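Residue numbers start at 1 and run along the sequence shown. From a predicted model like this one, the values you see are computed outputs, not experimental measurements.
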Amino acid sequence: MRGKEGARVKIVVVADTHMPRMARKLPEPLVRELAAADAILHAGDWTDLKLFKELSDFAPVYGVAGNNDGPEVVKRLGYRKIVRFENVAIGLVHGHGAASRKDTEQNAIRAFEGEAVQAIVYGHSHIPVAKVLNGILIFNPGSPTDKRRQPAYSFGVMELEGGSLRARHLFFDREPSGTKNRTKST
C-alpha cells in the first residue's frame with residue numbers, strides 16, 4: 001500500500017480472532033479504530049473467511065493463515081508474507097509450528113531471517129508483545145476476542161509517517177456496563 005509521500009498511514013493489527021467461535025461480532029473498541037484505518041493486518045487464526053469480507057469493508061486487508069484456519073483460508077492467504085507501506089516492509093506470519101508457545105516469537109523471527117523487514121507481526125500465543133530486536137519491531141497484537149490468560153483483550157495500531165513506524169497496543173475489558181480502554185505505546 002502506498003500513501004501520499006509523508007502522509008500518516010494508520011494500520012490496525014489483529015490476530016487470533018477465532019470468529020465466530022470466540023465472538024459473534026467485532027468488539028466496539030476495535031470497530032472504532034477500524035473506522036479510521038488505512039489498512040488492516042491480520043496475523044492468522046481467522047477460522048472463517050467471512051471476517052475477511054467484514055474487515056475489507058473498513059480498509060484493505062493483508063493477512064495470513066494460522067493453525068486453526070482451514071484449507072480455504074490457507075489457499076487464499078498463505079502462511080507468510082511481506083507487506084510494504086511506502087518504504088517500510090512488515091513481515092506477517094502466525095508463528096505456529098514451534099515446539100511450544102514460548103517459542104512462538106522465535107519461530108516468527110526465523111520466518112524472516114535474511115529478509116529486509118523493519119517489523120515482524122505475529123500471533124498464535126495471544127500474548128501482546130512490542131519490542132525492538134536488532135532494529136526490527138517485533139509485534140504481537142494479542143487477541144481482541146480470546147484473551148485466554150491475559151488480563152485484557154487487545155489489538156494493535158501501527159502508524160507510519162515519514163518512514164518512521166510506531167506501534168501501540170489498545171487493551172480493553174468487556175463489561176456489561178461498557179468498555180474500559182487502556183493504551184500502551186512502543
Side-chain angles (χ1 to χ4, degrees), residues 1-3 9-19 22 30 34 37-56 58-146 148 154-160 163 165-167 169 186:
M1 176 185 176
R2 296 188 59 82
V9 176
K10 180 178 181 176
I11 307 162
V12 174
V13 184
V14 296
D16 299 295
T17 48
H18 296 273
M19 290 177 72
M22 296 311 294
L30 176 58
L34 289 168
D38 296 306
I40 301 163
L41 298 180
H42 193 302
D45 276 0
W46 309 69
T47 66
D48 193 322
L49 275 177
K50 291 177 187 170
L51 180 58
F52 188 92
K53 166 66 173 110
E54 185 176 350
L55 292 174
S56 295
F58 291 100
V61 179
Y62 306 89
V64 294
N67 60 302
N68 284 297
D69 295 320
E72 180 184 13
V73 177
V74 174
K75 183 178 178 183
R76 177 154 184 194
L77 302 175
Y79 284 118
R80 174 193 176 283
K81 67 180 52 157
I82 296 175
V83 182
R84 296 188 192 313
F85 299 92
E86 296 181 9
N87 61 345
V88 174
I90 300 173
L92 186 59
V93 67
H94 188 59
H96 65 289
S100 77
R101 288 198 191 279
K102 292 178 183 177
D103 298 327
T104 300
E105 181 179 302
Q106 286 305 311
N107 203 44
I109 292 168
R110 275 192 300 274
F112 296 98
E113 275 182 340
E115 300 278 355
V117 296
Q118 287 70 49
I120 296 172
V121 172
Y122 70 100
H124 190 54
S125 68
H126 298 228
I127 300 171
V129 171
K131 63 184 171 186
V132 176
L133 291 174
N134 301 320
I136 299 171
L137 171 64
I138 309 299
F139 193 83
N140 184 326
S143 173
T145 56
D146 185 9
R148 293 196 177 159
S154 64
F155 61 96
V157 173
M158 293 181 157
E159 293 177 325
L160 174 63
L165 182 65
R166 290 186 320 271
H169 287 100
T186 300

Visitor: Judged by atom type as modelled, is there a donor-acceptor pair below 3.5 Å linking the side chain of Arg148 to the main-chain atoms of His126?
Guide: no
Visitor: Any chance you could measure Arg84, atom CZ, to Gln118, atom CD, to the nearest 0.5 Å?
Guide: 8.0 Å
Visitor: Is the backbone of Asn68 close enough, under 3.5 Å, to the side chain of Asp45 for a donor and an acceptor to pair up by distance?
Guide: yes
Visitor: Check for me whether the distance between the ring centres of Tyr79 and His96 falls short of 6.0 Å.
Guide: yes
Visitor: Tell me, do Trp46 and Leu77 make a side-chain contact under 4.5 Å, heavy atoms counted?
Guide: yes
Visitor: Minimum heavy-atom separation for Gly91 and Val117, please, with both atom names.
Guide: N-CG1, 4.0 Å
Visitor: Over all heavy atoms of both residues, which pair between Gly142 and Ser154 is shortest? Give the atoms and the distance, please.
Guide: CA-OG, 3.4 Å
Visitor: Step by step, work out the side chain to side chain contact (heavy atoms under 4.5 Å, CB included) result for Ile82 and Phe112.
Guide: CA-CA 9 Å; Ile82 296 175; Phe112 296 98; 3.8 Å; yes
Visitor: In Å, rounded to the nearest 0.5 Å, how long is the span from CG of Leu51 to CG of Leu49?
Guide: 9.0 Å
Visitor: List the steps, then state whether side chain to side chain contact (heavy atoms under 4.5 Å, CB included) holds for Met22 with Thr47.
Guide: CA-CA 10 Å; Met22 296 311 294; Thr47 66; over 6 Å; no
Visitor: In this structure, are over 12 heavy atoms from other groups packed under 6.0 Å from Lys50 atom NZ?
Guide: no
Visitor: Does atom CD (Glu115) have a neighbourhood of more than 12 heavy atoms from anything else shown, all under 6.0 Å?
Guide: yes
Visitor: Is the closest side-chain heavy-atom distance between Asn107 and Tyr122 below 4.5 Å?
Guide: no
Visitor: Let's go through Met19 and Asp48 carefully: what are the C-alpha distance in whole Å and the side-chain angles of both, what is the deciding distance for side chain to side chain contact (heavy atoms under 4.5 Å, CB included) to 0.1 Å, and is it a yes or a no?
Guide: CA-CA 7 Å; Met19 290 177 72; Asp48 193 322; over 6 Å; no
Visitor: Distance from Met158 atom CE to Ile90 atom CD1, nearest 0.5 Å?
Guide: 5.0 Å
Visitor: Should Asp38 and Leu160 be marked as a side chain to side chain contact (heavy atoms under 4.5 Å, CB included) after you check the CA-CA gap, both sets of side-chain angles, and the distance that decides it?
Guide: CA-CA 10 Å; Asp38 296 306; Leu160 174 63; over 6 Å; no
Visitor: List for me each residue that meets side chain to side chain donor-acceptor pair (under 3.5 Å) alongside Asn140, sequence neighbours excluded, and say none if there are none.
Guide: Ser125
Visitor: Return the CD1 to CD1 distance between Ile109 and Ile120, rounded to the nearest 0.5 Å.
Guide: 5.5 Å
Visitor: Please give me the minimum heavy-atom distance between His18 and Thr145, naming the atom from each residue.
Guide: N-OG1, 4.4 Å
Visitor: Which heavy-atom pair separates Asn67 from His94 by the least distance, and what is that distance?
Guide: OD1-NE2, 3.1 Å
Visitor: Grab the two heavy atoms, one from Asp69 and one from Val64, that are nearest each other, plus how far apart they are.
Guide: OD2-O, 4.4 Å
Visitor: Restricting to non-hydrogen atoms, name the atom on His42 and the atom on Asp16 that form the minimum distance, rounded to 0.1 Å.
Guide: CE1-N, 4.0 Å
Visitor: What's the separation between atom CZ in Phe139 and atom CG in Leu165, rounded to the nearest 0.5 Å?
Guide: 9.5 Å
Visitor: Hey, what's the ring geometry for Tyr62 with Phe85, parallel, tilted or perpendicular (30° and 60° as the breaks)?
Guide: perpendicular
Visitor: Just verifying a value: how many Å separate Leu55 CG and Leu30 CG, rounded to the nearest 0.5 Å?
Guide: 7.5 Å
